[in-house]
Amino acid sequence: MNHISEPPVERVTIPVLQRWKEEGRRIVMTTAYDAITARIADPVVDIILVGDSVGNVCLGFDNTLPVSVTMINDHLEAVVRTRRNALLVADMPFLSFHLNPAETIRNAGGFLQRGAEAVKLEGGAKRIEMVRALVDSEIPVMGHLGLTPQSVNVMGGFKVQGRKADAALHLLDDAHCLQEAGCFALVLEGIPAELAARATESLTIPTIGIGAGVGCSGQVLVFHDVVGLTQSRPKFARAYAEGFRTLQDALSRWVQDVRNGAFPTSQESFRLPDDLFDAITTWAPPNPT
Ligand code: KIV
């Protein structure tokens, strides 16, 4: 008997995303940092990002700056083991694409060798040499403009960008510069909705917004924000579950059951065969020497 009821899901690739932009089909991306979150996300989203947000979301850092290539490699390898259909993008952490093209290619190439299908990096015209080097090495690049968290010290905090005329026009120039250099998509983060919409309509590649309004080609949110596992969330995030409270409540009920002897029951225990049971009850501890 054939138990397969679902039609085969289309593997999300870069040409598929381009087609969806042309068809006006919205693209959905979320983060995953381990095998279980990738297993949950993979059947329902289009793109999985092994984001450097792992630093603040999972590793307890205040921002993404301490995240290293080794850390992304470890989380990427876990995600690769369970991801099936979504396009898999690895984030280039701080300092992994700033020094020179050779090192940038080596770091990004390592992500692709581990199973990522593209990389994402923050910055516009300043990073164009690195973007070109990656694209020339057959490494697909997703750009990231606006409130770029790796620039937290330059921005003086996590602040909405592109609110002044020169900054808004600069962002539009950067977006086209990245498209020219061969980026296949752009994340637009923390910018006014009108600016993101203008960028989206003027570009041929898709834009994925986060705190950038509804006029982008798609949206991205951090997985832990969507399921309510984070306790403080940015204004632009929406939690669709009370993950933190639900999980802590489940854990508390188990703790209570352990403490009052209600866990485990015979259902959660293993039994000895009767003859062995007799053997252990007649056994006496050896005399101490
Ligand atoms: O690291 C990350 O999670 C990101 C997304 C929020 C775009 O860069």
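Just follow the structure's listing: the first ligand is 1, and inside any ligand the first atom is 1.
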Between Glu189 and ligand 1, does any nitrogen or oxygen pair lie at a separation below 3.5 Å? no

Determine whether the side chain, the backbone, both or neither of Ile210 has a heavy atom under 4.0 Å from any heavy atom of ligand 1. side chain

Could you check whether Arg253 pairs with Asp249 (Lys NZ or Arg NE/NH1/NH2 to Asp/Glu carboxylate O, under 4.0 Å)? yes

Side chain proximity check, Thr31 to Asp225, heavy atoms < 4.5 angstrom: no

Can you report which non-hydrogen protein atom sits closest to atom 5 (C) of ligand 1, along with the distance? Leu49 CD2, 3.7 Å

Evaluate side chain to side chain contact (heavy atoms under 4.5 Å, CB included) for Glu122 paired with Met92, printing each intermediate quantity in order. CA-CA 8 Å; Glu122 297 182 10; Met92 306 257 343; over 6 Å; no

Can you name the atoms of ligand 1, numbered from 1 with element, that are less than 4.0 Å from a heavy atom of Gly51? 1 (O), 2 (C)

Flag the pair Phe184 / Leu87 as yes when at least one side-chain heavy-atom distance between them is below 4.5 Å, and no otherwise. yes

Testing Arg26, Arg19, Lys21, Arg25 for salt bridge (Lys or Arg N to Asp or Glu O under 4.0 Å) with Glu23, which one passes? Arg19

Logged contact type for Asp91 with ligand 1, heavy-atom cut-off 4.0 Å, is side chain

Is the contact between Thr64 and ligand 1 made by the side chain, the backbone, both, or neither, using heavy atoms and a 4.0 Å cut-off? neither

Please determine if Thr31 has a nitrogen or oxygen closer than 3.5 Å to a nitrogen or oxygen of ligand 1. no

Atom 3 (O) of ligand 1 [closest protein heavy-atom partner, distance rounded to 0.1 Å]: Ser53 OG, 2.5 Å

Should Leu186 and Thr200 be marked as a side chain to side chain contact (heavy atoms under 4.5 Å, CB included) after you check the CA-CA gap, both sets of side-chain angles, and the distance that decides it? CA-CA 9 Å; Leu186 293 187; Thr200 303; over 6 Å; no

Check: Gln161 side chain, Glu189 main-chain N or O, donor-acceptor pair, under 3.5 Å: no

Would you say Lys120 touches ligand 1, if touching means a heavy atom closer than 4.0 Å? yes

